[in-house]
Amino acid sequence: MFPSSFLDNLTDTQWQQGFEYTLSQGTTPIIVAETENALLAMISFGQARDPKLQIANEIYALNVLPNYQRQQIGKSLLHYALKHLTSSVYLKVADKNTNARQFYERQGFYNTQIAMYRTIEDFHFQEWVYRYDKR
C-alpha cells in the first residue's frame, strides 16, 4: 500500500521512538503476538481521537507481519481489543488496502462511507472509516 521508497526510509529507531512515546503516555494498550525470537503482530486501541466521528473507541493500529497473515493472529488480537472496549469502535483503513478492508468486514466492521485524506511524508492517500457496533 505504501510505496517502497517510503517504507524503506523508516528506520528501526523511528518505529521504536513511536512505540516508546505511545507507551510513555500510559493510556494506550499495545498488545503483541510474539515468538521467542520475533514480534509477529501488534494492536493498539483506546478512546477515540476524533470527536467529530461521535464513536467512543478506536483501533489505532493492527499490524501483522506478512508471513504471519491469514493465521488468525490479527483476528485474535482484534477480538481481544473488541472485548475490552465498552461500546462502538472505529478504525481507518487505506482505500487501496483491499485485504485489510475485507478482513475488517469479515469481523463485523462496515464502511461508514466517511473518507479522510492523509499525508505521511510525501505520500498522500485516502482512508475509509470503518465502524463496529457492539451487540
Side-chain angles (χ1 to χ4, degrees):
M1 180 195 78
F2 292 101
S4 296
S5 60
F6 171 75
L7 294 174
D8 291 344
N9 288 318
L10 289 176
T11 65
D12 290 345
T13 302
Q14 288 171 305
W15 283 107
Q16 182 177 347
Q17 288 172 343
F19 278 119
E20 287 175 354
Y21 173 78
T22 300
L23 289 171
S24 73
Q25 300 303 301
T27 58
T28 304
I30 297 177
I31 309 301
V32 300
E34 61 186 343
T35 64
E36 290 181 19
N37 302 321
L39 177 66
L40 309 178
M42 61 76 64
I43 190 167
S44 62
F45 58 93
Q47 200 170 35
R49 297 176 290 183
D50 189 340
K52 290 179 287 187
L53 293 174
Q54 297 182 344
I55 302 171
N57 300 293
E58 180 179 0
I59 303 292
Y60 306 135
L62 172 58
N63 299 303
V64 181
L65 288 174
N67 290 344
Y68 296 93
Q69 292 175 3
R70 301 191 190 288
Q71 296 181 30
Q72 307 299 312
I73 298 169
K75 180 179 179 178
S76 295
L77 289 172
L78 181 62
H79 285 240
Y80 177 90
L82 293 174
K83 178 180 170 184
H84 287 82
L85 295 169
T86 58
S87 59
S88 297
V89 179
Y90 78 90
L91 52 82
K92 299 173 187 173
V93 184
D95 178 55
K96 294 186 179 184
N97 193 346
T98 54
N99 287 339
R101 292 175 63 191
Q102 291 170 352
F103 167 77
Y104 291 119
E105 289 167 6
R106 286 191 305 271
Q107 306 314 312
F109 283 79
Y110 63 92
N111 188 339
T112 65
Q113 300 301 310
I114 297 171
M116 299 190 159
Y117 300 89
R118 289 187 54 195
T119 300
I120 299 176
E121 301 291 325
D122 293 329
F123 182 60
H124 309 281
F125 60 100
Q126 176 183 321
E127 295 178 306
W128 291 107
V129 175
Y130 274 67
R131 180 178 178 140
Y132 177 89
D133 293 311
K134 291 192 86 158
R135 296 173 173 85

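Values reported hereafter were calculated over all heavy atoms of this structure, with side chains retained and with hydrogens, waters and symmetry mates removed.
Between Asn97 atom CG and Gln126 atom CD the span is 13.0 Å, to the nearest 0.5 Å. Within the model, atoms CG of Leu40 and CG of Asn63 stand 12.5 Å from one another, a figure rounded to the nearest 0.5 Å. Between Arg118 atom CZ and His124 atom NE2 the span is 13.0 Å, to the nearest 0.5 Å. Residue Phe45 holds its CZ atom at 5.0 Å from CD1 of Ile31, rounded to the nearest 0.5 Å. The OH atom of Tyr117 sits 8.0 Å away from atom CG of Asp95, with the distance rounded to the nearest 0.5 Å. Taking CG of Asn99 as the start and CD of Gln69 as the end, the distance is 7.5 Å to the nearest 0.5 Å.
Here the closest non-hydrogen pair linking Ile43 and Ala81 is CD1-CB, 3.8 Å. For Ala41 against Ile73, the heavy-atom pair with the smallest separation is CB-CG2, 3.6 Å. Nearest heavy-atom pair across Gly74 and Val64 is CA-CG2, 3.8 Å. Residues Leu39 and Val32 come closest through the heavy atom pair CD1-CB, 3.4 Å. Here the shortest heavy-atom pairing between Arg101 and Val93 reads CG-CG1, 3.2 Å.
Connection of Leu82 to Tyr110 is not established within any shared hydrophobic cluster, with ILVMFWY side chains joined at heavy-atom distances below 4.5 Å, either directly or through further cluster members. Both Tyr132 and Leu78 are members of a single hydrophobic cluster when ILVMFWY side chains are connected at heavy-atom separations under 4.5 Å. Clustering ILVMFWY residues whenever any of their side-chain heavy atoms sit less than 4.5 angstrom apart, transitively, puts Leu53 in a cluster other than the one holding Leu91. Residues Ile59 and Phe103 are members of one and the same hydrophobic cluster, defined by side-chain heavy-atom contacts under 4.5 angstrom among Ile, Leu, Val, Met, Phe, Trp and Tyr.
Counting non-hydrogen atoms of neighbouring residues, nucleotides and ligands closer than 6.0 angstrom, the OH atom of Tyr60 exceeds 12 such neighbours. Remark: Gln54 CD is loosely packed, at most 12 non-hydrogen atoms of other residues, nucleotides or ligands lying under 6.0 Å away.
Counted by atom type alone, Asn111 and Tyr104 present zero donor-acceptor pairs between their side chains at under 3.5 Å. Tyr130 and Glu105 share a donor-acceptor pair across their side chains, judged by distance under 3.5 Å alone.
Of the possible polar contacts, none joining the Gln107 side chain to the Lys75 backbone as a donor-acceptor pair under 3.5 Å is found. Of the possible donor and acceptor atoms, none in the side chain of Lys92 sits under 3.5 Å from a partner among the backbone N and O of Ala115. Remark: the backbone N or O of Phe109 is not paired with any side-chain donor or acceptor of Arg131 at under 3.5 angstrom. A donor-acceptor contact shorter than 3.5 Å links the side chain of Glu58 to the backbone of Arg49. With hydrogens and angles ignored, the 3.5 Å screen pairs no side-chain donor or acceptor of Ser44 with any backbone N or O of Ile30.
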Candidate pair Trp128 and Ile114, rule side chain to side chain contact (heavy atoms under 4.5 Å, CB included), full reasoning: CA-CA 6 Å; Trp128 291 107; Ile114 297 171; 5.8 Å; no
Residues Asp50, Tyr90; criterion side chain to side chain donor-acceptor pair (under 3.5 Å); working and verdict: CA-CA 10 Å; Asp50 189 340; Tyr90 78 90; 5.1 Å; no
Trace of the side chain to side chain contact (heavy atoms under 4.5 Å, CB included) decision for Ser87 with Asn57: CA-CA 7 Å; Ser87 59; Asn57 300 293; 3.4 Å; yes
Side chain to side chain contact (heavy atoms under 4.5 Å, CB included) assessment of Thr35 paired with Asn37: CA-CA 5 Å; Thr35 64; Asn37 302 321; 4.2 Å; yes
